[in-house]
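Notes to accompany the following structure.
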Amino acid sequence: MGNTYYTYDSPFGKITIESDGNAVTSVKTQSHTDPTGEKKASTLTDIAAMQLDEYFAGKRKKFDIPINPHGTAFQLSVWKALQAIPYGKTRSYKQIAQAIGNPKACRAVGLANNKNPIWIIIPCHRVIGADGSLTGYGGGINMKKKLLEIEGRI
């Protein structure tokens, strides 16, 4: 099966879930994506939508769907570190930079977060400013705040 995508109605509006047939490759709001492939649901997009429903309802704390984000080696290392942040917890950009062994790369971590192609499942919303402020999020600060509220963080 080739690339497919599905438009999912989330509490934040329409989200496009893309799959390459083996893994989810993108989860983004429609304003942040230009999907490729055939517009139709697949087993993977259906499972991703179900898991997102469970997450939004506060019933899912960990996603267990195969993902395949595309990015640079640095971005992939950041996104892997994000996946290690537990549900309901946050980390600063500096803590993520330290976790990937590059403690001076705080700004680069922020840029990698901004390029995260699989929102929510790769939880870039769990990264906050060193002072605890809700800084930078591709879906907007309001969405970031609501995601952290779902997780009981705020």
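The residues of the chain are indexed from 1 along the displayed sequence.
With a 4.5 Å cut-off on side-chain heavy atoms, V24 and I47 do not count as touching. Counting heavy atoms from C-beta outward, N142 and K146 have side chains that approach closer than 4.5 Å. Contact check for F74 versus N102: side-chain heavy atoms found under the 4.5 Å cut-off. A heavy-atom distance below 4.5 Å is not found between the side chains of K89 and P123. Between I15 and V27 the shortest side-chain heavy-atom distance falls below 4.5 Å. Looking at heavy atoms from C-beta onward, Q75 lies out of side-chain contact with V109 at the 4.5 angstrom threshold. Using a 4.5 Å heavy-atom threshold, the side chains of L147 and W119 count as separate. When side chains are defined from C-beta on, T135 does not count as touching I128, because their heavy atoms never get closer than 4.5 Å.
Of all heavy-atom pairs between P66 and L44, the closest is CG-CD2, 3.9 Å. In this structure, I96 and I85 approach most closely via the heavy-atom pair CD1-CD1, 3.8 Å. Closest approach of V127 to S92, counting heavy atoms only: CG1-C, 4.0 Å. Summarising the geometry of T25 relative to I118, their closest heavy-atom pair is O-CG1, 3.6 Å, with the distance given to 0.1 Å. Residues K28 and P117 share a closest heavy-atom pair of CE-CA, 3.4 Å. Smallest separation of non-hydrogen atoms from C124 and N116: SG-ND2, 3.1 Å.
For R126, the salt bridge (charged side-chain N to carboxylate O under 4.0 Å, His left out) criterion is met by E151, not counting sequence neighbours.
To the nearest 0.5 Å, the span separating CG on D20 from OG on S26 amounts to 11.5 Å. The CG atom of L148 sits 10.0 Å away from the CD1 atom of I141 when rounded to the nearest 0.5 Å. Atom OG1 of T4 is separated from atom CD of E18 by 8.5 Å, given to the nearest 0.5 angstrom. In this structure, CG on L52 lies 5.5 Å from CD1 on I17, to the nearest 0.5 angstrom. Rounded to the nearest 0.5 angstrom, I120 CD1 and S10 OG are separated by 6.5 Å. With values rounded to the nearest 0.5 angstrom, N22 atom CG is found 14.0 Å from I67 atom CD1.
With Y8 as the partner, the side chain to side chain donor-acceptor pair (under 3.5 Å) test is satisfied by one option alone out of T45, D53, T16: D53.
By the 30° and 60° cut-offs, the orientation of the rings of F63 relative to Y55 is tilted.
Applying the side-chain hydrogen bond (donor to acceptor under 3.5 Å, both in side chains) test to pairs two or more places apart or on separate chains, those with a residue in residues 57-66 are Q51-D64, E54-R60.
Residues L76 and I122 are members of one and the same hydrophobic cluster, defined by side-chain heavy-atom contacts under 4.5 angstrom among Ile, Leu, Val, Met, Phe, Trp and Tyr.
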